[in-house]
Amino acid sequence: MAVPAHEHRIACDLDRLLTVRGMSLAQLASLVGVTVANLSVLKNGRAKAVRFSTLTAICDVLECTPGDLLTVLPKDAGTGLPADSE
């Protein structure tokens, strides 16, 4: 059964990666070719989807892997439900 979009457990570590690289969101947006607004949605965990081409471009610029950028939180994190209640 799919998790409803409002209950996804994907965390984005874009802030941390930008800090480590000494890069601003605006610089990344320019290098990736997307708007700051779109990256902000991703960075703040409000994205419902991300194109593989955008993910690839972000990873190329930040010299990271998708696993460095995105993390799956435990089942009981963020949903308010115990892990065994699904």
Side-chain angles (χ1 to χ4, degrees):
M1 183 172 176
V3 176
H6 67 280
E7 294 182 7
H8 76 79
R9 300 183 340 265
I10 303 298
C12 183
D13 291 324
L14 186 55
D15 251 352
R16 181 184 57 78
L17 290 170
L18 288 171
T19 299
V20 168
R21 304 300 190 275
M23 186 180 294
S24 72
L25 196 62
Q27 289 171 315
L28 180 63
S30 176
L31 293 168
V32 170
V34 297
T35 66
V36 172
N38 283 342
L39 282 182
S40 181
V41 167
L42 178 63
K43 179 181 78 102
N44 294 316
R46 295 187 319 266
K48 294 181 182 179
V50 61
R51 293 176 191 250
F52 282 164
S53 58
T54 301
L55 184 59
T56 300
I58 291 169
C59 289
D60 285 347
V61 170
L62 295 178
E63 298 178 347
C64 68
T65 67
D68 297 326
L69 183 64
L70 303 172
T71 306
V72 179
L73 299 173
K75 285 187 178 185
D76 60 349
T79 64
L81 299 173
D84 61 350
S85 71
E86 295 179 29

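What you see is a predicted model, and the numbers here were worked out from it, not measured in a lab. Numbers for residues simply follow the sequence, beginning at 1.
For the salt bridge (Lys or Arg N to Asp or Glu O under 4.0 Å) test, residues two or more places apart in sequence or in another chain that qualify with D15 are K43. For S53, the side-chain contact (heavy atoms from CB on, under 4.5 Å) partners at least two apart in sequence or on another chain are R51. Scored by the side-chain contact (heavy atoms from CB on, under 4.5 Å) test, C59 finds L55, C64, P66 as partners (sequence neighbours excluded). Residues satisfying the side-chain hydrogen bond (donor to acceptor under 3.5 Å, both in side chains) criterion with T19, sequence neighbours excluded, are absent altogether. For T71, the side-chain hydrogen bond (donor to acceptor under 3.5 Å, both in side chains) partners two or more places apart in sequence, or in a different chain, are D13.
A salt bridge (Lys or Arg N to Asp or Glu O under 4.0 Å) check over residues 52-67, counting only residues at least two apart or in different chains, returns nothing. Legend: salt bridge (Lys or Arg N to Asp or Glu O under 4.0 Å) pairs involving residues 28-39, not counting sequence neighbours: none detected. Screening residues 20-42 for salt bridge (Lys or Arg N to Asp or Glu O under 4.0 Å) gives no qualifying pairs among residues at least two apart or on separate chains.
At a threshold of 4.5 Å between non-hydrogen side-chain atoms, the residues L69 and C12 count as touching. Using a 4.5 Å heavy-atom cutoff, the side chains of I58 and L42 are in contact. Taking the side chain as every heavy atom from C-beta outward, V20 and L62 never approach each other to under 4.5 Å.
Nearest heavy atoms, L31 versus M23: CD1-CE, 4.2 Å. In plain terms, the two heavy atoms of K75 and R9 that are nearest each other are CA-NE, 3.3 Å.
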May I have the list of side-chain donor-acceptor pairs in residues 32-41 shorter than 3.5 Å, sequence neighbours left out?
unit_1: T35; atom_1: OG1; unit_2: N38; atom_2: N; d: 3.0
unit_1: T35; atom_1: OG1; unit_2: N38; atom_2: ND2; d: 3.3
unit_1: S40; atom_1: OG; unit_2: N44; atom_2: ND2; d: 3.1

*Go through the steps to decide whether V72 and I10 satisfy the test side chain to side chain contact (heavy atoms under 4.5 Å, CB included), and finish with yes or no.*
CA-CA 5 Å; V72 179; I10 303 298; 3.6 Å; yes
